[in-house]
Amino acid sequence: MGKIELYDYEEYKKQVFEKNPKLKEKYDELDLKYQAIATVIEYRQKHHLTQKEFAKIVGIKQQALSRFERGLVNPRVDFLQKLFKAMGKKVIIK
């Protein structure tokens with residue numbers, strides 16, 4: 001069995017972004033979207049909810065939640081508000 005080498009992901013990102021500022025710019029543009037996705041998935045997992053169960057709570061279709069969680073859509077603010085309200089959270093834009 002070969003040796004597995006671990007690395008610091010944050011340090012790796014820093015090095016890559018220093019070499020490619022345009023990639024950093026694109027990454028930053030998508031950061032909010034992926035933070036929202038991660039928050040929803042973590043909430044569902046923590047509360048042992050399927051997509052179907054959580055979608056029903058939110059008042060959306062399971063397919064819409066699935067597309068959101070897979071990053072296939074750019075969610076509108078009202079969609080995010082529905083999700084976060086169902087989780088007892090607020091959307092604050094600074």
Side-chain angles (χ1 to χ4, degrees):
M1 183 184 265
K3 181 181 175 185
I4 297 175
E5 212 173 304
L6 300 176
Y7 62 91
D8 182 338
Y9 178 66
E10 292 302 319
E11 182 60 32
Y12 173 76
K13 275 194 328 190
K14 181 181 172 186
Q15 291 174 9
V16 170
F17 292 155
E18 284 174 355
K19 293 177 186 173
N20 190 339
K22 289 215 181 265
L23 179 61
K24 167 85 168 99
E25 186 178 312
K26 191 65 174 170
Y27 179 86
D28 289 344
E29 288 174 10
L30 297 173
D31 188 46
L32 177 61
K33 175 181 173 179
Y34 289 104
Q35 282 181 24
I37 291 169
T39 300
V40 170
I41 292 171
E42 288 170 8
Y43 179 87
R44 282 196 318 97
Q45 290 175 340
K46 180 180 177 185
H47 293 87
H48 309 285
L49 296 168
T50 65
Q51 284 183 342
K52 187 174 183 177
E53 292 166 335
F54 186 61
K56 185 175 181 179
I57 292 167
V58 175
I60 60 175
K61 294 185 178 194
Q62 180 273 330
Q63 294 86 347
L65 182 58
S66 174
R67 287 191 304 272
F68 167 72
E69 287 188 358
R70 290 183 289 146
L72 300 178
V73 295
N74 289 318
R76 295 183 350 205
V77 173
D78 59 330
F79 182 82
L80 291 174
Q81 284 178 314
K82 279 184 175 184
L83 294 174
F84 280 70
K85 184 177 180 183
M87 295 185 292
K89 299 179 182 285
K90 292 183 179 182
V91 177
I92 299 173
I93 300 172
K94 293 184 180 183

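Residue numbers count from 1 along this sequence.
Contact between Ile37 and Glu69 at its shortest, heavy atoms only, is CG2-O, 3.3 Å. Scanning all heavy atoms of the two residues, the minimum distance from His48 to Glu53 falls at O-OE1, 3.7 Å.
A salt bridge does not link Asp78 with Lys82: every distance from a Lys NZ or Arg NE/NH1/NH2 to an Asp or Glu carboxylate oxygen is 4.0 Å or more.
A 4.5 Å side-chain heavy-atom check between Leu65 and Val58 finds every atom pair outside the cut-off.
Connection of Tyr34 to Met87 is established within a shared hydrophobic cluster, with ILVMFWY side chains joined at heavy-atom distances below 4.5 Å, either directly or through further cluster members. Leu23 and Tyr12 fall within the same hydrophobic cluster, defined by Ile, Leu, Val, Met, Phe, Trp and Tyr side-chain heavy atoms under 4.5 Å apart, directly or through other members. By the rule that hydrophobic residues join a cluster once side-chain heavy atoms approach within less than 4.5 Å of another member, Val73 and Phe84 end up as members of one cluster.
Interatomic distance, NE2 of His47 versus CG of Leu49, reported as 7.5 Å (0.5 Å rounding). Note that the CZ atom of Arg67 and the CD1 atom of Ile60 stand 9.0 Å from one another [nearest 0.5 Å].
Residue pairs meeting the ring pair (Phe, Tyr, Trp, His ring centres under 6.0 Å) criterion with at least one member in residues 50-72, sequence neighbours excluded: Tyr43-Phe54, Phe68-Phe79.
Results of the side-chain hydrogen bond (donor to acceptor under 3.5 Å, both in side chains) test with Gln51 over Lys61, Gln63, Gln62, Lys56 single out Gln62 as the only residue that passes.
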